[in-house]
*Asks:* 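Sharing a structure with you now.
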Amino acid sequence: MSANFTTIKAITDNVQSVLQGQGIKFSRSTFEDEKAIPAALFPYGEIKYKGEDFEYTHGQRAGYAVGNFDVRVLLQDRDAINLMRLTQKWTHAVRDALTVNALNIVDLATSKLVSWVNVDGVTAEHRAEYGFMSFAVKIRYRET
C-alpha cells in the first residue's frame, strides 16, 4: 500500500473526526433523499473525495499534493429563519474547524504532513425544511 494513500486516507478520517467534534453526524448508510435521513442524524455530514493535484518537484525537494474534497452538511428546520441562521452558523463552524493543526492528529500527529488547508467557499441551498451546504475544501500535504 502506498504511503501517499495512507496519508490521504488519514486526512479524510481526520476531516470526519474534526467535524464530528463540532457536532456533525455521519453514517455508513447511504440515503437516496434527505427525507430518509433519521432526524437524530441532523446536522448530517458527507465527505466526498474529488481527487488530487500533484506538484512536479524536479527532485529538488519533497513533493506536495493537494487533496480536493466536497464536504456536505445537511440541515433540517421547519422554520425558514432558523434554517437560514443554522446555515450561517455551520458555514463558520466548519470553516473555523478545518485547520492545519486540527487535521494533524491521530496518524498524522507525529509527521505533521498537512501543511495548508483552504475552504474555497460554501454554497447553500434551501428546499422546504432542508438546508444543503457544500464546502469546497483543499488540503495540501507533503508526499512521503
*Asks:* Please lay out, stage by stage, how Val106 and Asp13 fare under the test side chain to side chain contact (heavy atoms under 4.5 Å, CB included).
*Replies:* CA-CA 9 Å; Val106 192; Asp13 292 344; over 6 Å; no
*Asks:* What's the verdict on side chain to side chain contact (heavy atoms under 4.5 Å, CB included) for Val66 and Phe54, showing C-alpha distance, side-chain angles and the deciding distance?
*Replies:* CA-CA 7 Å; Val66 175; Phe54 301 105; over 6 Å; no
*Asks:* Quick check: Tyr44 with Phe31 (ring centres under 6.0 Å apart)?
*Replies:* yes
*Asks:* Do you know which two heavy atoms are closest between Glu52 and Ala65, and how far apart they sit?
*Replies:* OE1-CB, 3.8 Å
*Asks:* Measure the CD-CD1 distance between Gln16 and Ile11 for me, rounded to the nearest 0.5 Å.
*Replies:* 14.5 Å
*Asks:* Quick one, Arg72 with Phe135, criterion side chain to side chain contact (heavy atoms under 4.5 Å, CB included). Give me CA distance, side-chain angles, the key distance, then yes/no.
*Replies:* CA-CA 6 Å; Arg72 298 179 184 173; Phe135 296 83; over 6 Å; no
*Asks:* Is any side-chain heavy atom of Tyr130 less than 4.5 Å from a side-chain heavy atom of Leu74?
*Replies:* no
*Asks:* Test side chain to side chain contact (heavy atoms under 4.5 Å, CB included) on Ile139 and Trp116 and set out the steps.
*Replies:* CA-CA 6 Å; Ile139 301 170; Trp116 175 79; over 6 Å; no
*Asks:* For the side chain of Lys25 and the backbone of Phe42, is there at least one donor-acceptor N/O pair under 3.5 Å apart?
*Replies:* yes
*Asks:* Is the backbone of Val114 close enough, under 3.5 Å, to the side chain of Asn104 for a donor and an acceptor to pair up by distance?
*Replies:* yes
*Asks:* Can you check whether Trp90 reaches Gln22 side chain to side chain, under 4.5 Å on heavy atoms?
*Replies:* yes
*Asks:* To the nearest 0.5 Å, what is the distance between CG (Leu19) and CD (Glu46)?
*Replies:* 12.5 Å
*Asks:* Within a strict 4.5 Å, meaning less than it, do heavy atoms of the Tyr141 and Leu103 side chains meet?
*Replies:* no
*Asks:* Say you draw a straight line from CG of Leu86 to CD1 of Ile81; how long is it, rounded to the nearest 0.5 Å?
*Replies:* 11.5 Å
*Asks:* Using a 6.0 Å distance limit plus a 45 degree cone around the ring axis, check whether Arg127 lies over the aromatic ring of Phe132.
*Replies:* yes
*Asks:* Does one side chain, of Asn68 or Lys138, offer a donor that lies under 3.5 Å from an acceptor on the other?
*Replies:* yes
*Asks:* Checking side-chain contact (heavy atoms from CB on, under 4.5 Å) against Val94, which of Val137, Ile24, Val15, Val18 comes through?
*Replies:* Ile24
*Asks:* Can you tell if the side chain of Leu98 reaches within under 4.5 Å of the side chain of Asn118, non-hydrogen atoms only?
*Replies:* no
*Asks:* Is there a side-chain contact between Thr87 and Met133, using heavy atoms and a 4.5 Å cut-off?
*Replies:* yes
*Asks:* If Ile, Leu, Val, Met, Phe, Trp and Tyr residues are connected whenever their side-chain heavy atoms lie under 4.5 Å apart, and connections chain through other members, are Leu75 and Ile47 in the same group?
*Replies:* yes
*Asks:* Kindly confirm or rule out a cation-pi arrangement of Arg140 over Tyr64, judged by NZ or CZ under 6.0 Å from the six-membered ring centre and within 45° of its axis?
*Replies:* yes
*Asks:* Measure from the side-chain N and O atoms of Asp33 to the backbone N and O of Ala36, and report whether any donor-acceptor pair falls under 3.5 Å.
*Replies:* yes
*Asks:* Roughly how far, to the nearest 0.5 Å, is the CD1 atom of Ile8 from the CD atom of Glu143?
*Replies:* 10.0 Å
*Asks:* Mind checking whether Phe26 and Val73 sit in one hydrophobic cluster, side chains of I, L, V, M, F, W, Y counted as touching below 4.5 Å?
*Replies:* yes
*Asks:* Quick one: does Leu113's side chain get under 4.5 Å of Thr7's, heavy atoms only?
*Replies:* yes
*Asks:* Minimum heavy-atom separation for Ala97 to Ala102, with atom names?
*Replies:* O-CB, 3.3 Å
*Asks:* Would a distance-only check, ignoring hydrogens and angles, find a side-chain to backbone donor-acceptor pair under 3.5 Å from Asp77 to Leu83?
*Replies:* no
